[in-house]
Amino acid sequence: MSTTIMPFSRPLYVMLKPVGAVCNLACDYCYYLEKSNLYKDLPKHVMSEELLEKFIEQYLNSQTMPQVLFTWHGGETLMRPVSFYKKAMELQKKYGGGRTIDNCIQTNGTLLTDEWCEFFREHNWLVGISIDGPQEFHDEYRRNRQGMPSFVKVMHGISLLKKHGVEWNGMAVVNDYNADYPLEFYHFFKELDCRYIQFTPIVERLFSHRDGRHLASTSQSGAVDLADFSVSPEQWGNFLCTIFDEWVRADVGSFYIQLFDSTLANWMGEQPGVCTMSRSCGHAGVMEFNGDVYSCDHFVFPEFKLGNIHTQTLTEMMYGERQAAFGRMKHESLPTQCKECEFLFACNGECPKNRFCRTSSGEEGLNYLCRGYYRFFKHVAPYMDYMKNELMHERAPANVMHMVNKS
């Protein structure tokens with residue numbers, strides 16, 4: 001029997017992948033697609049309604065808070081019909097026990113229709129759209145299996161969301177190509193009136209195998225190469241600083257950029273809104289279409305599999321000692337250079353999956369993006385100090401714009 005940490009000492013959160021790695025696109029940098037290799041022996045890579053009910057019942061019964069969040073991810077989530085999600089709504093009502101239940105879903109946007117948008121609007125779902133900036137940047141890597149671009153279809157999907165009044169936000173992958181054009185990138189989202197934006201740096205490593213090249217996990221040994229689409233630390237730092245300079249002059253309180261908000265939260269000593277910036281991780285698991293539960297969405301590798309919902313409960317897996325150790329590892333495995341860094345409180349070593357470099361003294365475990373993040377935190381420190389002071393005196397952090405524009 002596994003040892004558990006204090007039961008329910010934090011909300012249980014498990015992201016759901018109803019179609020596993022199945023997708024109608026074949027983006028070059030996608031770390032989901034090859035996860036189908038984990039399930040080569042299974043004929044169908046879609047979640048059954050029986051498993052859906054089992055998950056929803058367990059997930060809701062494990063919650064101690066009055067508000068519960070369901071997150072639907074892929075692959076491409078809309079490759080399941082609307083009827084699947086209508087069934088999910090029925091089951092949430094059945095097992096909800098009067099709780100407030102929110103749903104958010106991530107999609108590439110190419111399969112959106114009026115029917116989908118009517119469903120999302122009726123049930124107040126938040127829709128995350130994966131879009132990598134203007135057409136030239138987006139279509140560089142986000143194409144279908146025939147090599148055809150997807151930008152036009154994504155933009156049509158966004159227009160449908162707007163038409164039906166669906167709440168949506170943008171999730172953009174920052175890669176080796178689009179990272180060199182930060183202002184064009186940011187202006188695109190502003191022109192779309194996308195008020196909530198998540199910038200995600202793509203960093204992946206590849207290793208050679210007898211059946212091709214595969215993504216490397218953090219525990220991968222042997223020869224591993226950085227994927228050519230990965231953003232460089234220098235690009236990432238410049239990208240963030242350039243966008244921040246425009247945001248802090250005109251857009252604070254109007255456009256919400258997840259990384260900037262999380263940085264301010266860490267400056268305040270509060271819990272950031274993104275796990276990569278937290279002191280520990282392990283709070284967010286992921287369940288595949290067949291019921292397998294993994295420690296994290298970025299750690300869907302055999303060595304990080306916690307179990308299966310058919311044989312273990314979500315509570316046992318997510319509150320067990322193995323997952324607790326996974327969460328503690330984020331801080332405990334930091335190299336000395338990180339522990340002595342003036343910005344450790346803001347960065348916390350970022351995501352463990354990116355810690356494959358060595359420090360200047362040769363110690364393992366340095367984050368690949370370290371130089372970029374350090375430049376960013378050094379650059380924004382005066383502004384973060386100012387906004388922190390405003391918040392501590394119960395004033396709006398947006399006042400920073402007056403300070404910046406006077407100087």
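Computation of the quantities below employed the complete heavy-atom set of this structure, encompassing side-chain atoms and omitting hydrogens, waters and symmetry-equivalent molecules.
With no hydrogens or angles considered, no side-chain donor-acceptor pair links E270 and N266 at under 3.5 Å. Side chains of D102 and Q67: a donor on one and an acceptor on the other come within 3.5 Å. Between the side chains of N178 and E184, not a single donor N or O lies within less than 3.5 Å of an accepting N or O. For the residue pair S361/Q337, the side-chain donor-acceptor check at 3.5 Å is not satisfied. Side chain to side chain, E350 and T276 fail the donor-acceptor criterion of an N or O pair below 3.5 Å. Between the side chains of S230 and Y368, not a single donor N or O lies within less than 3.5 Å of an accepting N or O. Between Q106 and T77, the side chains place no donor N or O within less than 3.5 Å of an acceptor N or O (distance only, hydrogens not considered). There is a side-chain donor-acceptor pair under 3.5 Å between H187 and E246. D292 and N308 are linked by a side-chain donor-acceptor pair at a separation below 3.5 angstrom, with hydrogens and angles left out of the test. At a cut-off of 3.5 Å, with distance as the only test, no side-chain donor of Y196 or Q258 sits close to an acceptor on the other residue. Of the N and O atoms on the side chains of H310 and N290, not one donor lies less than 3.5 Å from an acceptor on the other residue. For the residue pair R121/H164, the side-chain donor-acceptor check at 3.5 Å is not satisfied. Between the side chains of Y141 and D176, at least one donor N or O sits under 3.5 Å from an acceptor N or O.
To the nearest 0.5 Å, the span separating NE2 on H138 from OG on S150 amounts to 3.0 Å.
Shortest non-hydrogen contact noted between V224 and A216 is CG1-CB, 3.8 Å. Minimum heavy-atom separation, L314 to L12: O-CD1, 3.8 Å. I101 and N103 get closest at one heavy-atom pair: CG2-ND2, 4.1 Å. Nearest heavy-atom pair across G237 and R375 is C-NH1, 4.0 Å. For G349 against L334, the heavy-atom pair with the smallest separation is CA-CD2, 3.8 Å. Nearest heavy-atom pair, N108 versus C23, reported as atom, atom and distance to 0.1 Å: ND2-SG, 3.7 Å.
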**Request:** Carefully, step by step, assess E90 and Y85 under the rule side-chain hydrogen bond (donor to acceptor under 3.5 Å, both in side chains).
**Result:** CA-CA 9 Å; E90 294 172 6; Y85 295 100; over 6 Å; no

**Request:** Dump the intermediate steps for side-chain hydrogen bond (donor to acceptor under 3.5 Å, both in side chains) on S62 and Y319, then the final yes or no.
**Result:** CA-CA 11 Å; S62 69; Y319 290 129; over 6 Å; no

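Aromatic ring centres of W236 and F376 lie farther apart than the 6.0 Å criterion allows. Proximity of the aromatic rings of F301 and Y294 is defined here by a centroid distance below 6.0 angstrom, and this criterion is not met. F244 has its ring centre less than 6.0 Å from the ring centre of F260. In this structure, the ring of F55 has its center less than 6.0 angstrom from the ring center of Y59. In this structure, F239 has its ring center under 6.0 Å from that of F199. Two rings, from W247 and F255, have their centers 6.0 Å or more apart. Proximity of the aromatic rings of Y177 and F229 is defined here by a centroid distance below 6.0 angstrom, and this criterion is not met.
The backbone N or O of H156 lies less than 3.5 Å from a partner atom in the side chain of S159, making a donor-acceptor pair. Panel note: side chain R322, backbone K305; a donor-acceptor pair is recorded below 3.5 Å. Checking side-chain atoms of Q312 against main-chain N and O of I309 turns up no donor-acceptor pair under 3.5 Å. The closest donor-acceptor contact from the side chain of N144 to the backbone of G147 lies under 3.5 Å. A donor-acceptor contact shorter than 3.5 Å is absent between the side chain of R142 and the backbone of D139. A donor-acceptor pair under 3.5 Å is formed between the side chain of N348 and the backbone N or O of M277. Side-chain atoms of H73 never come within 3.5 Å of backbone atoms of L16 as a donor-acceptor pair (strictly under, hydrogens ignored). Side chain of N61 to backbone of E57: a donor-acceptor contact under 3.5 angstrom is found. Under the 3.5 Å distance criterion, the side-chain polar atoms of H45 are matched with a main-chain donor or acceptor of Y39. A distance-only check finds no donor-acceptor pair linking the side chain of K87 to the backbone of V82 [under 3.5 Å].
The pair K86-E122 fails the salt-bridge criterion, with no side-chain N (NZ, NE, NH1 or NH2) lying under 4.0 Å from an Asp/Glu carboxylate O. Taking the charged nitrogens against the carboxylate oxygens, R355 and E364 have no contact shorter than 4.0 Å, which rules out a salt bridge. For the pair R358 and E363, the salt-bridge criterion is not met [side-chain N within less than 4.0 Å of a carboxylate O].
Residue E115 places its CD atom among 12 or fewer non-hydrogen atoms of other residues, nucleotides or ligands, all under 6.0 Å distant. For K162, the NZ atom is densely surrounded, since the number of other residues' heavy atoms within 6.0 Å is greater than 12. Heavy atoms from other residues, nucleotides or ligands lying under 6.0 Å from CE of M403 number more than 12. For R279, the CZ atom sits in a loose shell: 12 or fewer heavy atoms of surrounding residues, nucleotides or ligands are nearer than 6.0 Å. The environment of NZ in K190 is crowded: more than 12 heavy-atom neighbours from other residues, nucleotides or ligands sit within 6.0 Å. Crowding of E118 atom CD: a count of heavy atoms from other residues, nucleotides or ligands under 6.0 Å exceeding 12.
Below 30°, between 30° and 60°, or above 60°: for F343 and F377 the angle between ring planes is between 30° and 60°, a tilted geometry.
Here the rule is ring-ring contact (aromatic ring centres under 6.0 Å, His included) with W125, and of F70, W116, F119 only F119 fits it.
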